[in-house]
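Below: the structure, in structure tokens.
What's counted below: heavy atoms across the whole structure, side chains too, no hydrogens, waters or symmetry copies.
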Amino acid sequence: MRATVDFLLHDWLAVESLTARARFADHSRETFAQVLDTCERIAREKYAPFNRLVDTEEPRFDGEKVVLPQATHDAWKAYADSGMLAAAQDYALGGMQLPYTVEAAANGFFAKASVSISAAMLTVANANLLMAHGTPAQQRVFAHAEFAGRWSGTMCLSEPQAGSSLSDVATRAVPDGDDFEQDPLGPRYRLTGHKMWISAGEHELTENIVHLVLAKIPGPDGRLVPGVKGISLFIVSKWLVDADGRLTGERNDVALAGLNHKCGWRGTTNTLLNFGEGRFRPGGKAGAIGWRVGAPGDGLRCMFHMMNEARIAIGMAAAMLGMAGFEASLAYAKQRPQGRPITGRGKDPTQPQVPIVEHADVKRMLLAQKAYAEGALALELYCARLVDEHHTGAPDAAADAKRLLEVLTPVAKSWPSEWCLEANSLAIQVLGGYGYTRDFPVEQYWRDNRLNMIHEGTHGIQALDLLGRKVVMDGGAGLRLLAARVNATIERAGHVEALAAHANALAAALHKVGAATKAAWATGVPDEALANATPYLQAFGHVVLAWIWLDVALAAKRLGDGAMKHGKLAAMRYFYAYELPKIDAWLAVVASREAVCRTMDPDWF
């Protein structure tokens, strides 16, 4: 994997060129390598050896606290001590001012080694949200402690009765006293309600947990404002703090109601939390104390800062699980003897068996895994590079990067979580009967990855976001910008003899996506356009990955003759031969606005 990461960072994305920018001027290819080396070592020593342990020793509640294996505590400490929680932050905050592209690549090693042993991703996203939308006091007290690894963070959106329908959030936040607006940590409220599926919602890894909670402030009549416009965002810490960030020793009214038991990703607690039930009574009364972030009713806009960051991180986690399964099944296929080659005279039973990697169908499964996992990794690093461009590029380039990210984020989250799950399924298939036993790791990779199709918004949610918002916003400006980037790659590849046919295939596919987008919205009726949003997302994602692979192939062509070059080109050829043609079936139902799913009567099931 490291060789592929280095190739993508340097030969494809030219990440070293970022050091010409003032923010990254102290860095070089050598400092980037040092970060990758350190993370690779910690992942190898503190994460990978305990991946099966955290799968079998699930979090448990002993009546007072959540108990996690010592290995989980050690992994958190090693990660926090590495400085990676603050890697992208200013030097003044103890950060490295590291490009996000390098940070994302480095974090990939941890996801590949043991995706669920640490909840660092949510902590960083939580702190970054506060740096973007919190007051200076909220940043100093909460975000800085998270970057230091002393406190951890969560995001609390879903509720048992609401799920992904955030407009139905029922958690209430009422002003806490007449002086609620004078609190130095922000307007102070009392929250009551229930939050479900909260990852890392309760543990003893850190001295405090910072919950970012969506809730509604009742109107003058005491009723909650319907829809998402009434949602506000609040900081609710497990332990209360004073204005200087010191723990007061008083427990906030946030209580663990239960632990969810998952098919995978078992090392991270997944919780149901009760806010304001009165189990703890801060200040002598029930109600969880929370400090508002941003303006009333502005909660969802603020929270999307964290959600979008988490979506890219989930895509990276899915890619890394796909990579882990690919490497495990490749190693097995190279050493497992079984069967004999088919020759012109059939199989010769007198000849010795060959490793199964010699069989064409096994090569097919391995090529598919390589195309999915390495393609997904490239996509996530490309998106990370856009983040750096958005934050540090010239104004026009920064604006383009932001718009591209808007369009690509649903794909960056959903495509790896679907197709790297398929890669994990193929890894099990390569191992045969051994694949579904716990003697080998590939069945755990599949179980861990299965959650990523649901994490941070299901496929259906991402599909509605893509077709319902992202490709039509600003008159389709984002889609046109993406098409321009794709066409630039097509133009370059068209002049390379070995890639010209693939360039033509990509051009045709891009045209089909554009035509299907117009056809879906031809009637202007959202129900008709969006009934087939998921097939649209699948086709759109495959075209994006075909583009990524063609662009990667252009970089691979510049490499010297060797396994790296030929492997990348073979994976690209596989994707164009076996995967890209799938878009025709997906786009057909989009363009025709096929109505069967929309008009199916529930009683007919």
Side-chain angles (χ1 to χ4, degrees), residues 164 307-308 311-312 314-315 318 372 375-376 379 382-383 403-422 452-487 505-549 575-576 578-600:
S164 297
M307 290 170 67
N308 286 332
R311 284 169 176 170
I312 293 176
I314 288 298
Y372 297 151
L379 169 65
Y382 182 84
C383 289
R403 182 161 277 165
L404 275 173
L405 275 169
E406 289 280 355
V407 175
L408 288 176
T409 295
V411 178
K413 187 273 168 185
S414 65
W415 197 93
S417 63
E418 178 172 4
W419 295 100
C420 289
L421 179 69
E422 174 61 18
N452 288 325
M453 290 180 71
I454 298 172
H455 280 151
E456 310 308 332
T458 64
H459 265 34
I461 295 295
Q462 305 301 329
L464 291 173
D465 184 39
L466 179 65
L467 183 55
R469 294 180 61 243
K470 298 300 176 60
V471 300
V472 295
M473 65 182 185
D474 300 329
L479 185 57
R480 288 194 299 274
L481 181 59
L482 176 62
R485 296 287 176 100
V486 176
N487 280 320
L506 180 56
L510 181 63
H511 175 76
K512 291 174 183 176
V513 167
T517 306
K518 292 179 181 178
W521 285 104
T523 63
V525 180
D527 282 359
E528 295 180 7
L530 299 178
N532 296 293
T534 294
Y536 179 86
L537 174 69
Q538 290 172 308
F540 194 98
H542 259 47
V543 172
V544 168
L545 265 293
W547 163 53
I548 292 288
W549 265 117
F575 198 88
Y576 274 78
Y578 288 82
E579 296 295 330
L580 189 57
K582 294 176 180 178
I583 72 167
D584 289 339
W586 290 323
L587 291 179
V589 295
V590 175
S592 67
R593 298 183 299 282
E594 171 57 54
V596 64
C597 296
R598 178 170 57 88
T599 60
M600 177 70 178

Under a 3.5 Å distance rule, please check whether [X] uses its side chain to pair with a backbone N or O of [Y] as donor and acceptor.
X      : Y      : result
Glu528 : Leu530 : no
Ser414 : Pro410 : yes
Asn487 : Ala483 : yes
Asn532 : Arg593 : no

What is the minimum heavy-atom distance between [X] and [Y], and which atoms define it?
X      : Y      : answer
Gly315 : Pro416 : O-CB, 3.4 Å
Gly375 : Ile548 : O-CG2, 4.1 Å
Ala529 : Leu467 : O-CD2, 3.3 Å
Tyr576 : Ala505 : CD2-CB, 4.1 Å
Ala509 : Val543 : CB-CG2, 4.0 Å

Flag the pair Trp547 / Phe575 as yes when their ring centroid distance falls below 6.0 Å, and as no otherwise.
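For Trp547 and Phe575, the ring centres are not under 6.0 Å apart.
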Evaluate the criterion side-chain contact (heavy atoms from CB on, under 4.5 Å) for residue pair Arg485 and Tyr382; output intermediate values, then yes/no.
CA-CA 12 Å; Arg485 296 287 176 100; Tyr382 182 84; 3.2 Å; yes
Side-chain ion pair, [X] and [Y], N-O less than 4.0 Å:
X      : Y      : value
Glu406 : Arg403 : no
Arg598 : Asp527 : no
Arg311 : Glu456 : no

Rounded to the nearest 0.5 Å, what separates atom [atom1] in [X] from atom [atom2] in [Y]?
X      : Y      : atom1 : atom2 : result
Leu506 : Leu510 : CG    : CG    : 6.5 Å
Leu379 : Leu408 : CG    : CG    : 7.0 Å
Leu580 : Ile583 : CG    : CD1   : 5.0 Å
Leu466 : Ile461 : CG    : CD1   : 13.0 Å
Tyr372 : Glu418 : OH    : CD    : 9.0 Å
Ile312 : Leu405 : CD1   : CG    : 5.5 Å

Is the number of heavy atoms from other residues, nucleotides or ligands within 6.0 Å of NZ (Lys518) greater than 12?
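Counting neighbours around NZ of Lys518, 12 or fewer heavy atoms of other residues, nucleotides or ligands fall under 6.0 Å, so no.
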With sequence neighbours excluded, what pairs up with Ser417 under the side chain to side chain contact (heavy atoms under 4.5 Å, CB included) test?
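Listed in chain order: Ala318, Lys413, Asn452, Met453, His459.
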Please lay out, stage by stage, how Val486 and Val544 fare under the test side-chain contact (heavy atoms from CB on, under 4.5 Å).
CA-CA 8 Å; Val486 176; Val544 168; over 6 Å; no
With sequence neighbours excluded, what pairs up with His455 under the ring-ring contact (aromatic ring centres under 6.0 Å, His included) test?
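Trp265.
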Just so I know, are the side chains of Thr517 and Val590 near enough to count as touching, which here means a heavy-atom distance under 4.5 Å?
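Counting from C-beta outward, Thr517 and Val590 never come under 4.5 Å.
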Distance-only side-chain donor-acceptor flag, Trp586 / His542, under 3.5 Å:
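Distance-only check fails for Trp586 and His542.
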Sequence neighbours left out, what pairs pass ring pair (Phe, Tyr, Trp, His ring centres under 6.0 Å) with at least one residue falling in residues 518-539?
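Pairs touching residues 518-539 that pass the test: Tyr536-Phe540.
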